[in-house]
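These notes concern the structure reproduced below.
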Amino acid sequence: MAGIDLGKQRRQHEMPARRGIGMQPALGRQGQLGLAAVDEAYEAEGGRVTTDLFADQSYFEDEALLHELFTAKLEAHAGTIIADGWKWAEPIRDSYVGYYEIEARKLDRIYAQEGELSEAEAERYDELAELANGDVLDAEGEAELAALQAILDGGFTDEQRAVSGVLFYVDQSGALKTLEGLVTREDRATAIEAGFLRPSVHNESGSDTPKSPISNALRDDLGRVAMGARQHAILRDPDLLLDLLAYQLQSTCAAVSRPAGRGRAGQGRPAVPAPAHP
């Protein structure tokens, strides 16, 4: 399966089957490795390709095989990432991964350490950037500028990679995207000890709030039940609503009329009678 392009496989895999024929169209002429490389891997696995000369498109008939090749390529790429020093790597099937994915997985994130140019390198960088802005930079200059930019961008150290991992996916245009420096809850303590993450304020003060034994959904349901019970009681006894309103107004007026900071505890606040019931 060597030579399969991740981006091309994504575009081929996501296209809907051709109506009435059941073939998978390949938008391949402008791919990073070209359609020939995909054809070679696909046909080597026994896949059939039909070419539409009028539409200048090729159609892959075996969608399951395309899915298999795409999956195998993702898994191989995950192995490459791990071999590069990252603790773990995981492909995402979606064509976009946002911050919600990091939140849902309860991941922290560390960032690459920025680089710094010497004075001579900074001057050379400015010269090359000015030429690039004027569209007069040759290939050799572009390579030099890219190398200087890589120094500025910095990178992750081996120590950072050892405690973090990578999520990666292929977007709608077929480009491979990565989210690097993600720390799981299991590795969080190690990352904090190494200075890559800051401990949370709650952990430092020892004031962690214990987790509620009930879910938010159950709490909302119980709140609606309590509200329904109050509404039912008022319907049975309408005078109760007037009693509750009088109680609320009297409590509010007492709190406002009490001078701030005066008197001992319990003084300056009139007693609030219990609501009368008929």
field: Donor-acceptor pair, side chain of Glu159 and main chain of Ala194, under 3.5 angstrom
entry: no
message: Is any side-chain heavy atom of Glu90 closer than 4.5 Å to one of Arg105?
response: yes
query: Do Met227 and Leu222 come within less than 4.5 Å of each other through their side chains, counting heavy atoms only?
result: no
statement: What one should report as the nearest heavy-atom pair of Asp108 and Arg188 is OD2-NE, 2.8 Å
For Glu130, all residues meeting salt bridge (charged side-chain N to carboxylate O under 4.0 Å, His left out), sequence neighbours excluded: none
- prompt: Any donor and acceptor pair, going by atom type alone, linking the side chain of Asp138 with main-chain N or O of Gly141 inside 3.5 Å?
  reply: yes
query: Do you know which two heavy atoms are closest between Ile151 and Glu116, and how far apart they sit?
result: CG2-O, 3.9 Å
message: For a quick test of reading the model, state the closest non-hydrogen atom pair linking His77 to Leu176 and the distance between them.
response: NE2-CD2, 3.2 Å
Would you mind writing out the side-chain donor-acceptor pairs for residues 79-87 within the sub-3.5 Å range, not counting sequence neighbours?
{"residue": "Thr80", "atom": "OG1", "partner": "Ala76", "partner atom": "O", "Å": "3.2"}
{"residue": "Asp84", "atom": "OD2", "partner": "Arg161", "partner atom": "NH1", "Å": "2.9"}
{"residue": "Lys87", "atom": "NZ", "partner": "Asp187", "partner atom": "OD1", "Å": "2.5"}
{"residue": "Lys87", "atom": "NZ", "partner": "Asp187", "partner atom": "OD2", "Å": "3.1"}

statement: Closest heavy-atom pair, Gln160 versus Phe156, reported as atoms and distance to 0.1 Å, is OE1-CA, 3.2 Å
- prompt: Closest heavy-atom contact between Thr178 and Phe168?
  reply: CG2-CB, 3.8 Å
4.5 Å side-chain heavy-atom contact, Lys177 and Val170: no
- request: Look at the side-chain heavy atoms of Ile, Leu, Val, Met, Phe, Trp and Tyr, link any pair under 4.5 Å apart, and say whether Leu245 and Leu235 land in one connected group.
  value: no
- prompt: Is it the case that one hydrophobic cluster holds both Tyr111 and Phe196, taking links as side-chain heavy atoms less than 4.5 Å apart, direct or via other members?
  reply: no
message: I'd like to know if Glu121 pairs up with Arg124 as an ion pair, taking the criterion as any Lys NZ or Arg NE/NH1/NH2 lying under 4.0 Å from an Asp or Glu carboxylate oxygen.
response: no
message: Under the criterion side chain to side chain contact (heavy atoms under 4.5 Å, CB included), I'd like the reasoning laid out for Asp153 against Glu114: C-alpha separation, chi angles, the key distance, then a yes or no.
response: CA-CA 5 Å; Asp153 293 340; Glu114 295 183 0; over 6 Å; no
- line: Scanning both residues in full, the closest heavy-atom pair of Ala78 with Ala89 reads O-CB, 3.7 Å
task: Kindly indicate, with the supporting measurements, whether the criterion side chain to side chain contact (heavy atoms under 4.5 Å, CB included) is fulfilled by Phe70 and Glu75.
output: CA-CA 9 Å; Phe70 180 63; Glu75 293 175 353; over 6 Å; no
message: For a 4.5 angstrom cut-off between non-hydrogen side-chain atoms, does Leu107 reach Thr184?
response: yes
- prompt: Taking C-beta and beyond as the side chain, do Leu182 and Ser164 meet within less than 4.5 Å on heavy atoms?
  reply: no
field: Straight-line distance of Leu167 CG to Ile92 CD1, nearest 0.5 Å
entry: 5.0 Å
query: Checking side chain to side chain contact (heavy atoms under 4.5 Å, CB included) for the pair Glu144/Leu137: CA distance, chi angles, key distance, verdict?
result: CA-CA 10 Å; Glu144 185 179 359; Leu137 188 63; over 6 Å; no
query: Would the number of heavy atoms belonging to other residues, nucleotides or ligands and lying under 6.0 Å from CD of Glu193 be above 12?
result: no
Thr71 OG1 to Glu68 CD distance, which is reported to the nearest 0.5 Å: 8.0 Å
- prompt: How many angstroms lie between atom CG of Asp126 and atom CG of Leu117, to the nearest 0.5 angstrom?
  reply: 9.0 Å
task: Identify whether Tyr96 and Leu179 are in the same connected component of the hydrophobic contact network (ILVMFWY, side-chain heavy atoms under 4.5 Å).
output: yes
- prompt: Can Gln149 and Tyr125 be counted as having a side-chain donor-acceptor contact under 3.5 angstrom?
  reply: yes
